[in-house]
Amino acid sequence: MPKKPHFSIQPIFTTTQPTNSKCRTPPFTTLLQNPKASSTSLNSTFLNHLKNQRLDSARAVFNKIPSPHVSLCTRMLLAYAHNHNLPQAINLFNQIPSNTKDIISWNSIIRASILCGDFITAVKLFDEMPHRNSISWTTMIHGFLSLGRVVDAETFFRAMPSADKDVATWNVMVNGYCNNGRVNDALRLFSQMPCRDVISWTSIIAGLDRNGKSSQALVFLKDMVSCSGVDISSTTLVCGLSAAAKISDFNAGIQIHCRTFKFGYCCGFDQFVSASLVTFYASCKRMDDAFKVFCEIVCKNVVVWTALLTGYGLNEKHDDALEVFGDMMRFCVVPNESSFTSALNSCVGLEDLEKGRVIHAVAVKMGLENGVYVGNSLVVMYSKCGYTGDALCVFNGIGEKNVVSWNSVIVGCAQHGCGLWTLALFKQMLMEGVESDEITLTGLLSACSRSGMLQKARCIFGYFGRKRSMKLTVEHYACMVDVLGRCGEVEEAEALAMSMPVEANSMVWLVLLSACRMHSNLGVAERAAKRIFEMEPNCSAAYVLLSNLYASLRRWSEVARIRRKMKHNGVVKQPGSSWITLKGLRHDFLCADRSHPLTEKIYEKLEWLGVKLKEQGYVPDQQFALHDVEIEQTEEMLSYHSERLAIVFGLLSTVEGSTITIMKNLRVCGDCHNAIKLMAKIVDREIVVRDSSRFHHFKNGICSCGDYW
DNA sequence: TTAGGGTTAG
C-alpha cells in the first residue's frame with residue numbers, strides 16, 4: 001500500500017488543534033473545490049471592487065463568476081453607466097438570458113441610458129420592456145425633466161397608468177417643474193397630489209426658494225410644520241435655512257435653528273444643517289453667531305469651513321476670511337473650488353494682489369487653476385487688481401469656459417479701456433456658440449463708452465435689443481446714455497433717457513449730467529439735475545457735477561448758490577482719497593494729507609517731482625481746481641491731490657523699475673492725469689491708477705485711456 | 001438580491 005501524503009487524512013478528522021502551530025497543515029476543506037463557497041467569495045470580492053470604484057478589477061472578477069445572478073449583472077451595468085460607458089452596459093445587458101432579465105434590470109438599463117444622455121436608447125428600451133412598473137415611468141420622467149424636456153415629461157406623466165403613479169412620481173414632477181422655472185405649475189401639481197410625504201414638502205419649499213420666492217417657501221414650511229402631519233427632515237431644515245438666509249429673515253431662521261435642536265439634527269453633527277446655519281447667520285450679518293455655530297460643529301468638513309470663509313467675505317471682513325482660509329489649510333482641510341472662489345473674492349475686496357498671487361500658487365499646486373470656478377475668480381482678481389495680461393493668461397487656460405468666464409474677461413478688459421480687445425473677445429464668444437447675457441451687454445457698452453466707440457455701441461445695443469431671450473434693463477439704457485453723452489451726442493442721450501421703455505432712474509440722469517459736465521452743455525445739465533433732485537434730493541454727486549460745470553464756466557455766483565443749497569440740505573461732498581497696498585498693508589491718503597509717518601520724505605520727493613515736471617513743460621490746469629481762489633493756492637491744491645501722495649509713497653517704498661498700482665475713490669482729475677503721465681516718464685515706471693471710472697496705465701508719458709475717460 | 005423622488009459653501 002503506497003504511503004499516503006502526510007496532509008491528506010490526519011487534519012480533517014482531527015477535532016483538536018495540534019499544539020505546535022508550525023506543524024499545522026491547512027484544513028483540507030480549503031483545498032477542495034466547493035462551487036458554492038468559491039462563488040460566494042468571488043461575489044464579495046466583486047462587490048468590494050465596485051464599492052471602491054475599481055471597475056476593471058470588478059469586471060475581471062465578474063468574468064470568473066459562473067452564471068452570475070441577474071442582480072450582479074445589474075450592479076455591473078450600473079457601474080458602467082456611472083463611468084459613462086453605455087456600450088459596455090448595453091453589451092452586458094444583452095448577455096443576460098431573456099428569461100432571467102427581471103424588471104429591475106430593465107429599469108436599470110433605462111436609467112443607465114439616461115445617465116449617459118442617450119434618450120433614444122432609453123425610450124427604445126422602455127418600449128421593448130415586457131412589463132413596466134412605477135419606477136420605470138418615474139425614471140423616464142425624471143430623465144426628461146433633468147434635461148429640461150418638460151413637454152416629454154408631461155406626455156409620459158399623462159400616459160402613465162393612474163394606479164402606477166405613486167408619491168415619488170408626483171414628487172419628480174413637482175421638483176422638475178421647479179428646476180425648469182415653472183413654479184406655478186409645480187404649485188398646481190402640489191395642490192393636486194393625492195398624498196404628500198416629506199420629500200413632496202421639501203421639494204416645493206426648495207423649489208420656491210430657488211425661484212426667488214423665499215418668503216413663500218417659508219410660508220410652506222410653516223404650513224408643513226403646523227398642519228401637514230408630515231415630520232420634517234434635516235433636508236427640510238436645510239432648505240428652510242437657505243430661504244431664511246436669502247431674504248435675511250432672522251426670525252424665521254432662529255425658529256428653524258430651534259427646530260434643529262428639537263429634531264436632534266444640530267449638536268454639530270449634521271454638516272449640511274451646520275453649514276446652512278453658518279450661512280444663515282452670515283446673511284443676517286451676525287458673524288459672531290455664525291462663528292459660534294461653527295465652533296460647535298464636531299467634525300468640520302470643507303463645506304462648513306467654506307461657509308464661514310464666505311460669510312466673512314459677504315460681510316466685508318476680508319482679513320478674517322483669509323485667516324479662515326489659512327486656518328483650514330493648517331488644519332489639513334483641503335480647500336475645494338468654492339473655498340478658492342471665496343478666498344480670491346476677499347483678495348479683490350482687499351485689493352491685495354500679493355495675497356491673490358499666493359492663493360493662485362496654491363490653486364496651481366492643487367491642479368485647480370484651469371477649473372471654471374477658480375479660473376473665473378482668478379480672472380476677476382487679476383482684472384480688478386490691474387493686471388489684464390495675467391487675467392487673459394488665466395482665461396485662456398480655463399478648460400471649459402462658461403458665460404461667467406467670458407463676462408469676467410470682457411468686463412475686465414472694459415474696465416481697463418481695452419475696447420478693441422473687448423470686441424474681439426465678444427466675437428470669439430459668439431463663434432464658440434456661448435450664449436451672452438445681460439452682463440455681457442453691460443461689459444460691451446462700458447467698453448465702447450471708455451473707448452469712444454459710438455457706432456459699435458449702436459450696433460451692439462441693436463443686436464441685444466433684437467434678442468428674444470433678453471430684456472434690456474434700466475442699467476443697459478444707462479450705459480447707452482453714457483456712450484452717447486461721452487461721445488458728445490448729449491441731446492440724443494437726453495432723448496433716449498426720456499423715451500426709454502423702462503422709467504429712467506437717477507443713475508441714467510447722473511451719467512447724462514456727467515456727460516454735460518464733460519461737454520459743457522448747461523441746458524441739458526440743468527434739466528438732468530432737476531430730475532435727479534426730484535428722485536434723490538441729497539445726491540452729492542449731482543451737486544458736485546453741477547457745481548463743477550458752473551465753475552468751469554466761471555459762473556461763481558451759481559457755484560455759491562449750489563454750495564449754499566448743499567449746506568442747507570446737509571449734503572456732504574465725499575472727500576477724495578487714494579490708497580496703495582504694500583505687503584498686505586493699506587496706506588490711505590487724503591488731499592494735502594500730513595498724517596503718514598513718512599510725510600517729510602513724501603513731500604520732499606513731491607517737491608523734487610514738481611521741479612522735474614516743470615522742466616518737462618508741465619503747467620497746472622487750473623480749471624480742475626474748480627474754486628474761485630488765487631492761482632498759487634490752486635496750484636498748491638492740485639500738487640497735493642491724494643493720488644499724487646499715494647504715488648510718491650509708492651515710489652519711495654518699492655523697487656526701482658517696478659509697477660506701482662494705486663486706487664482712488666473718485667475720478668482722477670484732468671490735471672493729475674496730465675501730471676501722472678509725465679511722472680511715469682520721469683521715474684521710468686508704469687503707474688496704474690484705478691479710479692471710480694476705470695483703470696489708467698501710465699507709461700512713457702502716455703496713458704492707456706488715450707486721454708479719453 | 002439588483003431599479004425611481006428633496007439638501008449645504010461659490
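Since the structure is predicted, the reported quantities are computational estimates derived from the model, not experimental observations. Hydrogens, waters and symmetry mates play no part in the numbers below; they use all other heavy atoms, side chains included.
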Quiz item: Can a cation-pi geometry be assigned to K101(A) and W106(A), taking NZ or CZ under 6.0 Å from the six-membered ring centre and within 45° of the ring axis?
Solution: yes
Quiz item: salt bridge (charged side-chain N to carboxylate O under 4.0 Å, His left out) with K124(A): which residues, sequence neighbours excluded?
Solution: E128(A)
Quiz item: Which residues pass the salt bridge (charged side-chain N to carboxylate O under 4.0 Å, His left out) test with D289(A), sequence neighbours left out?
Solution: R286(A)
Self-check item: Contact check, side chains of M160(A) and I141(A), non-hydrogen atoms, under 4.5 Å
Solution: yes
Quiz item: Near DNA chain B, under 4.0 Å by heavy atom, which residues of residues 221-235 of chain A?
Solution: S233(A), T235(A)
Practice problem: Using a heavy-atom cut-off of under 4.0 Å over every strand shown, decide if V172(A) touches base, sugar-phosphate, or nothing. | Solution: sugar-phosphate
Practice problem: Using the salt bridge (charged side-chain N to carboxylate O under 4.0 Å, His left out) rule, collect all pairs that involve residues 211-231 of chain A, keeping only residues at least two apart or in two chains. | Solution: none
Quiz prompt | Pairing residues for F62(A) by the ring pair (Phe, Tyr, Trp, His ring centres under 6.0 Å) criterion, not counting sequence neighbours | solution = F46(A)
Practice problem: Kindly write out the residues that satisfy salt bridge (charged side-chain N to carboxylate O under 4.0 Å, His left out) with D185(A), not counting sequence neighbours, or none if the list is empty. | Solution: R182(A), R188(A)
Self-check item: Within residues 340-350 of chain A, residues whose heavy atoms come under 4.0 Å of DNA chain B
Solution: T341(A), S342(A), N345(A)
Quiz item: Where along residues 79-101 of chain A does a heavy atom come under 4.0 Å from DNA chain B, residue by residue in number order?
Solution: none
Exercise. Looking only at side-chain atoms of A168(A), point me to the closest of dG10(B), dG4(B), dA9(B).
Key: dG4(B)
Quiz prompt | Sequence neighbours excluded, every pair satisfying salt bridge (charged side-chain N to carboxylate O under 4.0 Å, His left out) that has a member inside residues 46-67 of chain A | solution = none
Exercise. With sequence neighbours excluded, give me every salt bridge (charged side-chain N to carboxylate O under 4.0 Å, His left out) pair touching residues 199-210 of chain A.
Key: D209(A)-K246(A)
Self-check item: Residues from residues 194-211 of chain A lying under 4.0 Å of DNA chain B - heavy atoms
Solution: D197(A), V198(A), I199(A), T202(A), S203(A), R210(A)
Self-check item: Test side-chain contact (heavy atoms from CB on, under 4.5 Å) applied to V123(A) - qualifying residues, sequence neighbours left out
Solution: D127(A), M140(A), F144(A)
